[in-house]
There are 2 protein chains.
Amino acid sequence: MKLSEGVEAAIHCAAMLAGVEGQGTLPGAAMAEAFGLSPSYLLKHLNALTAAGILESVPGPAGGYRLARATERITLLDIVLAIEGRDPAFRCGEIRQCGPARLDASAYAKPCGINVAMQKAERAYRAALAEARLSDIVAKHMRDADPRSVAANRAFVERHQRPQKSTKQTER
Amino acid sequence: MKLSEGVEAAIHCAAMLAGVEGQGTLPGAAMAEAFGLSPSYLLKHLNALTAAGILESVPGPAGGYRLARATERITLLDIVLAIEGRDPAFRCGEIRQCGPARLDASAYAKPCGINVAMQKAERAYRAALAEARLSDIVAKHMRDADPRSVAANRAFVERHQRPQKSTKQTER
DNA sequence: ATATCCAGGATATAAAATATCCATGAATAT
DNA sequence: ATATTCATGGATATTTTATATCCTGGATAT
Ligand code: FES
Ligand code: FES
């Protein structure tokens, strides 16, 4: 049981994107630099977040990433599932019927008790993650973290964000 | 996030060992055969369970494994931690301070909010696993599972279990 | 003494995570 | 329209981890 490092990176990026104004975007390379990560690899995770509908991507110059919906409607569970996949951590391999004395299939109709106990625990895990909204994370950071840190973060997005200018704004 | 297959094997073995009578033991090779697993690899996991104090091992002929304590005092959490290790699934890599604009260390004194949210979810997961006692698993199996299956399991341990005879019993 | 079983280390293979590179395509300026 | 710039997405390499096997040594009952 081990979560990939990409999960941490993805959450940090989402939290940072929460700081851009309006429809502005933030290039992936900038976020990679901000956290000292390899850009090429981070893009893969950002890609996964985009595919999951958590982020939106804007190609071309002045492009980048932005959040696809409000921070109140993005949870840590959304991000974790997007990066780690939606499969449960424990998977019943049905090894109970892999022995030499295999019975008729009807004897294994009911799901095994081990699996239900494991899935119950995993539901508790996911429920806890679903309670953690991105808005809570950023709010708590603003309130509790060191002022120098929040100022530095704000300055960083201020410097790298790219306001979406022409078409999209006039369309609205 | 993915649990190793060894976890399922370990739980099944523990449940099977719950069926042996008294101080009797069950050889690891027999359990490997019962679940269609590679014996050499299963021994590694059983070894981990022994090191964690969940099982006891008896060398020599008439040797094997037995539970180290009552089924009421063995939880799925015990087994999962023994196989997967005690480290948390999510580890804060402190990438917030890996960027180019690293501040003074005092700015990162407080633990980051992302980590606390993740650890909170993991505590919920472990708490749920700690609620699941091995005695519950076997009781539920006896009650709900197909009668043919429980009979086959009982017959299997009956055939392979090895009663501990001489010294240990006379000592007591 | 012999046969059986576990413990542990060394080793080999398979799978997955991590990291890098290049081709494609979109927006802007000329 | 065309060329240029930039980011995305897919394809590819490298590293780490999990899985599986093998062998030696120690312990115990027959
Ligand atoms: S048969 Fe093993 S967990 Fe379901
Ligand atoms: S700094 Fe990234 S999770 Fe703590």
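- Identified under the ring-ring contact (aromatic ring centres under 6.0 Å, His included) test for residues 104-137 of chain A, with sequence neighbours left out: Y125(A)-Y125(B).
- E5(A) places its CD atom 12 Å from the C1' atom of dT15(D), with the value rounded to the nearest Å.
- Taking atom OH of residue Y41(B) and atom P of nucleotide dT13(C), one finds them 17 Å apart after rounding to whole Å.
- To the nearest angstrom, C1' of dT18(C) lies 8 Å from NE2 of H45(A).
- The interatomic distance linking E33(B) (CD) with dC5(C) (P) rounds to 12 Å, in whole Å.
- Taking atom CE of residue M31(A) and atom C1' of nucleotide dT8(D), one finds them 12 Å apart after rounding to whole Å.
- For the residue pair L49(B) and A82(B), the shortest heavy atom distance occurs at CD2-CB, 3.8 Å.
- Residue order along DNA chain D, read from the 5' end via each residue's closest nucleotide, puts R162(A) first among R162(A) and K2(A).
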Under 3.5 Å, which protein N or O atoms sit close to an N or O of nucleotides 9-14 of chain D? Give each pair with its distance.
from   : atom 1 : to     : atom 2 : distance (Å)
dG9(D) : OP2    : N47(A) : OD1    : 3.4

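- Counting any heavy atom pair closer than 4.0 Å across all strands shown, G64(B) reaches sugar-phosphate atoms only and no base atom.
- R86(B) contributes atom CZ, which lies 7.5 Å from atom CG of L77(B) (distance to the nearest 0.5 angstrom).
- Residue contacts shown for P59(A) are limited to sugar-phosphate atoms, with no base heavy atom under 4.0 Å away.
- In this entry the distance linking CG of L55(A) with C1' of dA7(D) reads 14 Å, nearest Å.
- If you check dA29(D), dT19(D), dT21(D) against the side chain of A62(B), the one that comes closest is dA29(D).
- Nucleotide dT8(D) forms a Watson-Crick or G-U wobble pair with dA23(C), both donor-acceptor distances falling under 3.5 Å.
- Using a 4.0 Å cut-off between a side-chain N of Lys or Arg and a carboxylate O of Asp or Glu, E56(A) and R66(A) qualify as a salt bridge.
- In summary, E94(B) and R96(B) engage in a salt bridge, as defined by a charged side-chain N under 4.0 Å from a carboxylate O.
- Distances from the side chain of S4(B) to the nucleotides dT28(D), dA18(D), dC5(C) place dA18(D) closest.
- Atom CD of E131(B) and atom CG of L76(B) lie 11.0 Å apart (nearest 0.5 Å).
- Heavy atoms only, all atoms of each residue included: A62(B) and T25(B) are closest at O-OG1, 3.5 Å.
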